Every structure is written in structure tokens, then in C-alpha cells.
Amino acid sequence: MDSRDLICIGCPMGCNLQVELERKKVTKVTGNICPRGKAYAEKECTNPTRIVTSSVKVENGQVDMTSVKTESDIPKDKIFECMKCIRRVKIKAPVEIGQVIIENVAGTNVNVISTRKVKCNI
């Protein structure tokens, strides 16, 4: 039997979780104060995901870079592939908040969107 220690990020409490696994399946979670801790531990141990945040170059904008993020979490093992895609991108101003910058990044069915408005350089 394997075990892992985690700090829960499901709520502000930051519970210290102890997770027991058998054949990569969660069998027991302790240390959580709320039900979100158990759900977080199970997901983190069986299918970890992350939101990716970064920036991309902007041409003809009032600023040279803008911040971007994935619209939702992606599998943790796709982060490096996602970042390779983001590094290759250059966009032209104007840019709107929520504008799709990359569709279906790294085959995840998740879009990368802008999180900042950038006006054209006048």
C-alpha cells in the first residue's frame, strides 16, 4: 500500500491530508475537515490537473506582452506541451479579455484565453 501527504487547496483551511492508495486507487483519506478535501485528494492522486497561466507576445499593441490562461484545468502531464504551444504564439492587437488565443491546446479540448485587454499602438 502506498501513501501520500497533501495539503488541500479545496478551501482556505489548507488541511494536511493523508491519502492511502492501493493499485493507484484511493482507499482512504484522512485529515480533511470538509468533503472537498476528500474530493481534492482523490482527484490529485488519480487524475491531477492544473490551470496554466503564462503570457504571449503582442504585435502593434500598447504593451509587448499580454497574460493568458487555460479556460479550465488540463491534465498535469500536458503542461509542458501546452507551454510549447503558448511560446510559439504571437498575436496582433487589439486583444480583448476572454479572447481565444489557442483553441484545443495540446489536444486537451481546453482553450487558452487572454486575461488582459490590449489596445493598438497608435
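Since we're looking at a predicted model, the values are computed, not measured.
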*Would you say the side-chain atoms of K78 pair up with the backbone N or O of A106, donor to acceptor, closer than 3.5 Å?*
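Indeed, once roles are kept as given, a pair shorter than 3.5 Å links the two residues.
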
*Could you list the residues that satisfy salt bridge (Lys or Arg N to Asp or Glu O under 4.0 Å) with K69, not counting sequence neighbours?*
none

*E20: partners by salt bridge (Lys or Arg N to Asp or Glu O under 4.0 Å), with sequence neighbours left out*: none

Clusters formed by hydrophobic residues whose side-chain heavy atoms approach within less than 4.5 Å: which one holds [X], and what are its other members?
{"X": "I9", "value": "L6, L17, V19, L21, V26, V29, Y40"}
{"X": "V100", "value": "I113"}
{"X": "M65", "value": "none"}
{"X": "I33", "value": "M13"}

*asked:* Quick test of your reading: applying side chain to side chain donor-acceptor pair (under 3.5 Å), list the pairs with at least one residue in residues 81-95, sequence neighbours left out, ordered by first then second residue.
replied: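 Output for this query is empty, none listed.
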
*When you look at T66 and I91, which way does the side-chain contact (heavy atoms from CB on, under 4.5 Å) test go after all the steps?*
CA-CA 9 Å; T66 190; I91 57 176; 3.9 Å; yes

_Just to verify, what does N111 make a side-chain hydrogen bond (donor to acceptor under 3.5 Å, both in side chains) with, not counting sequence neighbours?_
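By the side-chain hydrogen bond (donor to acceptor under 3.5 Å, both in side chains) rule, N111 matches E71.
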
*Quick one: side-chain hydrogen bond (donor to acceptor under 3.5 Å, both in side chains) partners of S72, sequence neighbours excluded?*
none

At their closest point, which heavy atom of [X] faces which heavy atom of [Y], and how far apart are they?
{"X": "C15", "Y": "G31", "value": "CB-O, 3.4 Å"}
{"X": "C11", "Y": "C34", "value": "SG-SG, 4.0 Å"}
{"X": "I101", "Y": "S114", "value": "CG1-N, 3.7 Å"}

*Please check if atom CG in N104 has more than 12 non-hydrogen atoms from other residues, nucleotides or ligands closer than 6.0 Å.*
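For N104, atom CG is crowded (more than 12 foreign heavy atoms under 6.0 Å).
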
*Between C82 and T70, is a side-chain contact (heavy atoms from CB on, under 4.5 Å) present by the stated rule, with each step listed?*
CA-CA 9 Å; C82 175; T70 53; 4.1 Å; yes

*Is I97 reachable from V118 through a run of I, L, V, M, F, W or Y residues, each pair having side-chain heavy atoms under 4.5 Å apart?*
no

_Quick test of your reading: applying salt bridge (charged side-chain N to carboxylate O under 4.0 Å, His left out), list the pairs with at least one residue in residues 31-41, sequence neighbours left out, ordered by first then second residue._
K38-E42

*asked:* Show me the pairs that pass salt bridge (charged side-chain N to carboxylate O under 4.0 Å, His left out) and involve residues 23-34, at least two apart or across chains.
replied: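 Qualifying pairs, neighbours excluded: none.
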
*Are the side chains of P94 and K119 in touch, meaning some heavy atoms are under 4.5 Å apart?*
no

*Quick one: pull up NZ in K76 and CD1 in I74 and give me the separation to the nearest 0.5 Å.*
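Output value for this atom pair is 12.0 Å.
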
*Give the C-alpha distance, both sets of side-chain angles, the deciding distance and a yes or no for side-chain hydrogen bond (donor to acceptor under 3.5 Å, both in side chains) between E22 and T27.*
CA-CA 7 Å; E22 193 168 316; T27 57; 5.3 Å; no

Which pairs would a plain distance check flag for residues 48-63, meaning a side-chain donor or acceptor within less than 3.5 Å of a matching protein atom at least two apart in sequence or in another chain?
{"from": "T49", "atom 1": "OG1", "to": "K43", "atom 2": "NZ", "distance (Å)": "2.7"}
{"from": "T49", "atom 1": "OG1", "to": "D73", "atom 2": "OD2", "distance (Å)": "2.5"}
{"from": "R50", "atom 1": "NH1", "to": "E44", "atom 2": "OE1", "distance (Å)": "3.0"}
{"from": "R50", "atom 1": "NH2", "to": "E44", "atom 2": "OE2", "distance (Å)": "2.8"}

